[in-house]
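Atoms within a ligand are numbered from 1 in the order they appear, just like the ligands themselves.
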Amino acid sequence: MPAKASVVIVGAGPCGLMLANELGRRGVSTIVVDREDGVATAPQANATQARSMEHYRRLGFADEIRKLGLPGDYPTDVAYFTTYAGYELARHSMPSSGDAARFVRENEQVWNGPELPHRVPQSLVEQTLFRKAEALDDVSLRFNCELSGFVEDETGIIADVKNLTDGTRKLIRASYLFGADGAQSQVRKQLGIRYAGADASQRDFMGGRMLSIYIDAPAFYTELRNPKAWMYWTFNKRRRALLAAVDGRGKFVLQTQLKDHEHAETMTEEDAGQLFLQSVGADIPFKVTGIASWLAGRALVAERFGEGRVLLGGDAVHLFTPTGGMGYNTAIEDAVNIGWKLAAVVKGHADPALLSTYEAERRPVALRNTRFAIGFADSIGLYVPSPAIEDEGPAGEAARSRAGAYLEQHARKEFTIPGFTLGARYDASPAVFRDGTPIPPDAPSVYVPSAKPGGRAPHAWLKDGSSLFDRFGFEWTLLVFNPASPAAQLFAEEAARRCLDLEIVDLSGEPVAADLYEAQFAIIRPDQVVGWRGSISDSSDATAVFDTLTGRSMAEKNNFNPALAVEDARKRA
Ligand SMILES: Cc1cc2nc3c(=O)[nH]c(=O)nc-3n(C[C@H](O)[C@H](O)[C@H](O)COP(=O)(O)OP(=O)(O)OC[C@H]3O[C@@H](n4cnc5c(N)ncnc54)[C@H](O)[C@@H]3O)c2cc1C
């Protein structure tokens, strides 16, 4: 007998685990399979962006994540050096995690949100996502289980899964299959979908074969005595590198680009240690605890994000160069986007046509995000300072000052990126309303708050000091700026008819929020995107709004009956 679930997810990386949380929280039966024997242990991504933190806050565990990684008083500066024992060229100062809550309020005009980015190894985030998913009744996580293939019929999917511990095979029957199975995605390959875009364009740095070297070196802090930073970059003729502090006590990851004569396959840990010492420029005690190789210079996006009942997300559909730190963060938002849609369709609250808006919304964002990221790779990777930066005397000082000026402006662009993380929009989506107002400008370093439907809901601190986002419901939210209008009642009745959870938030006494939303009402989708704003005069208007937001307007058949669909979904469950 095949195992049964509404959704089977292939891959327990950040994308698959986040989706499991989104589905499990909504009571959708979900099986996650991963061929490894547990979640990843390599730090890999070190930047959790503000938007991902907002989603962790929505799920109730942002504070837990904020406590992971660097100590609470450790600065998250990005600093540039000739070598770590040599000259400091530039420094972009950023607050410690203990200071994040104060900083984000005081810099509201830059960050417009309740959460700052956080510097934490991906492995620790994954462990949290895993624990949260594991605790959900409707989620089953199965490690050492590899997807071999799948077939689709009219009613669903049958996934063929091999247990790598005992070699047995198991079939899983599900309504939908989601491939979150990374860069080598078996699911994408079986669908015959290819990536398109720039693959490993060469640069002096961040363009070619890279080596990650995991290092224990507490002496880095005691013997070099540089002011602490989260990231330390080097510029010299011998070894360009980037060292990220993992725990603030002595664990680091060094990223360096391999030269033509250096080969990842034959590199020993001893050889890798020499690369670390070249970047330090002095002999300090250390231990290499692991190495891994990867390719920089990529900006690849899949031609399609799925087919039929099979959908794809994360690295399976977009491969980044990690400058800007957006690969995993884009994967998290993929999971959030498809999570509420899959749940709504499985429960019969929305038309299956809604699922096609996943690609319509997320693919343009993947193209945008990979483009911004590769721009940062060009800015840092093609920059070659004068070789005189290591010289003593006035010529060396002048060269260092020129390099410092360049790197300071680069750091501001790459590491203060509210526009990049908060500003992605779904303007072409059929599941949001177009209200004819201008699309706000899109630049990585500037986020322009806008309640034009299709973008992240703009944030306001309310009069009692609380965050507007904490007032949103877990599913749909109606923001009310004109309580005298009967529209709130009409929307409430329409939502009830469709079995949609609608939180009604009266903001009539909140002038700051009213100025941001510029309307009598706004509907916020479960992913905190503005779906609609304006006012309505009768129940048919409320019907039309929800028809669009739940995909019914797109459905080929015009006989979608929410009550019957819910009943049908219950029977199938
Ligand atoms: C050096 C480096 C630094 C990075 N820094 C950042 C950063 O700062 N910020 C950022 O946002 N991103 C960063 N990234 C990118 C980030 O690590 C990835 O984008 C992220 O891991 C993608 O998550 P995912 O869930 O899509 O895929 P993955 O993390 O690759 O997970 C895929 C999972 O699928 C499983 N799997 C694969 N095939 C099968 C199968 N057939 N059956 C069962 N299971 C299968 C795998 O075992 C794996 O667990 C960095 C990447 C690198 C290499």
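Residue Pro14 holds the heavy atom nearest to atom 23 (O) of ligand 1 of all those in Ala42, Gly13, Pro14, Ala183. Of the options Gln44, Glu126, Met231, the smallest heavy-atom separation from atom 50 (C) of ligand 1 is shown by Gln44. For atom 38 (N) of ligand 1, the nearest non-hydrogen atom from the set Gln190, Met210, Arg35 comes from Arg35. When Gly324, Ala180, Gly16 are ranked by how near their heavy atoms come to atom 32 (C) of ligand 1, first place goes to Ala180. With Val39, Asp315, Thr330 as candidates, the residue nearest to atom 18 (C) of ligand 1 on a non-hydrogen basis is Asp315.
Ring geometry for Tyr232 versus Phe220: interplanar angle over 60°, hence perpendicular rather than tilted (30 to 60°).
With Tyr221 as the partner, the ring pair (Phe, Tyr, Trp, His ring centres under 6.0 Å) test is satisfied by one option alone out of Phe252, Tyr84, Phe286: Phe252.
Looking at Glu146 next to ligand 1, no N or O pair under 3.5 Å apart turns up. The shortest N or O to N or O distance between Val10 and ligand 1 is not below 3.5 Å. Ligand 1 has an N or O atom lying under 3.5 Å from an N or O atom of Cys15, backbone or side chain. By the 3.5 Å distance cut-off applied to N or O atoms, Gln122 is counted among the residues near ligand 1.
Between Glu64 and Arg131, at least one side-chain nitrogen of the basic residue sits less than 4.0 Å from a carboxylate oxygen of the acidic one, meeting the salt-bridge criterion. Salt-bridge formation is detected for the pair Asp77/Arg91: a Lys NZ or Arg NE/NH1/NH2 atom is positioned less than 4.0 Å from an Asp or Glu carboxylate oxygen. Salt-bridge formation is not detected for the pair Lys413/Glu408: no Lys NZ or Arg NE/NH1/NH2 atom is positioned less than 4.0 Å from an Asp or Glu carboxylate oxygen. Salt-bridge annotation for Glu126 and Lys132: absent, with no side-chain N of the basic residue lying under 4.0 Å from a carboxylate O of the acidic one.
Near Gly182, the atoms of ligand 1 lying under 4.0 angstrom from a non-hydrogen atom of the residue are 27 (O), 30 (O), 32 (C). In summary, the atoms of ligand 1 found under 4.0 Å from a heavy atom of Gly314, numbered by their order in the structure, are 26 (O). Heavy-atom proximity to Asn46, at under 4.0 Å, picks out these atoms of ligand 1: 7 (C), 8 (O). Close approach of ligand 1 to Glu36 is summarised as follows: ligand atoms under 4.0 Å from at least one heavy atom of the residue are 47 (O). Taking every non-hydrogen atom of Cys145 and a distance limit under 4.0 Å, the qualifying atoms of ligand 1 come out as 43 (C). Of all atoms in ligand 1, numbered sequentially from 1 with element shown, those under 4.0 Å from a heavy atom of Gly327 are 10 (C), 11 (O), 12 (N), 19 (O). Interface of Gly325 with ligand 1, defined as ligand atoms under 4.0 Å from a residue heavy atom, comprises 7 (C), 8 (O), 9 (N), 10 (C), 11 (O). In the vicinity of Gln255, heavy-atom distances shorter than 4.0 Å reach the ligand 1 atoms 1 (C).
With a heavy-atom cut-off of 4.0 Å, Gln49 does not touch ligand 1 at all. With a heavy-atom cut-off of 4.0 Å, Trp294 touches ligand 1 through its side chain alone. Contacts between Ala316 and ligand 1, counted as non-hydrogen atom pairs separated by less than 4.0 Å, are absent for every part of the residue.
Thr48 contributes atom OG1, which lies 7.0 Å from atom NE2 of His118 (distance to the nearest 0.5 angstrom).
Side-chain contact between Val253 and Ser212 is present, with at least one heavy-atom pair separated by less than 4.5 Å.
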Q) What's the verdict on side-chain contact (heavy atoms from CB on, under 4.5 Å) for Ile9 and Ile31, showing C-alpha distance, side-chain angles and the deciding distance? A) CA-CA 6 Å; Ile9 300 173; Ile31 296 178; over 6 Å; no
Q: With side-chain contact (heavy atoms from CB on, under 4.5 Å) as the test, would you mind laying out the steps for Trp233 and Leu243 before giving the verdict?
A: CA-CA 6 Å; Trp233 297 69; Leu243 186 76; over 6 Å; no
Q: Before giving the answer on side chain to side chain donor-acceptor pair (under 3.5 Å), spell out for Lys341 and Thr357 the whole-Å C-alpha distance, their side-chain angles and the decisive distance to 0.1 Å.
A: CA-CA 9 Å; Lys341 293 175 182 173; Thr357 67; 2.9 Å; yes
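Put simply, the side chain of Glu414 never gets that close to the backbone of Thr323: no donor and acceptor are under 3.5 Å apart. The backbone N or O of Tyr328 sits nowhere less than 3.5 Å from a side-chain atom of Gln122 that would complete a donor-acceptor pair.
Annotation: atom 36 (N) of ligand 1 to nearest protein heavy atom, Asp181 CB, 3.9 Å. Looking only at heavy atoms of the protein, atom 41 (N) of ligand 1 is closest to Leu147 O, 3.3 Å. With respect to atom 14 (N) of ligand 1, the closest heavy atom belonging to the protein is Ala45 CB, 3.9 Å. When only non-hydrogen protein atoms are considered, atom 15 (C) of ligand 1 lies nearest to Tyr328 N, 4.0 Å. Among protein heavy atoms, the minimum distance from atom 47 (O) of ligand 1 is reached at Asp34 OD1, 2.8 Å. Remark: minimum distance from atom 34 (O) of ligand 1 to any protein heavy atom is reached at Gly11 CA, 3.3 Å.
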Using residues 142-149 as the side-chain source, report each donor-acceptor pair under 3.5 Å to any protein atom, sequence neighbours left out, with the distance given to one decimal.
from: Arg142; atom 1: NE; to: Ser140; atom 2: OG; distance (Å): 3.0
from: Glu146; atom 1: OE2; to: Arg35; atom 2: NH1; distance (Å): 3.1
from: Ser148; atom 1: OG; to: Arg169; atom 2: NH2; distance (Å): 2.8

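The side-chain tip of Arg58 does not point at the ring of Phe469 from less than 6.0 angstrom away and within 45° of straight on.
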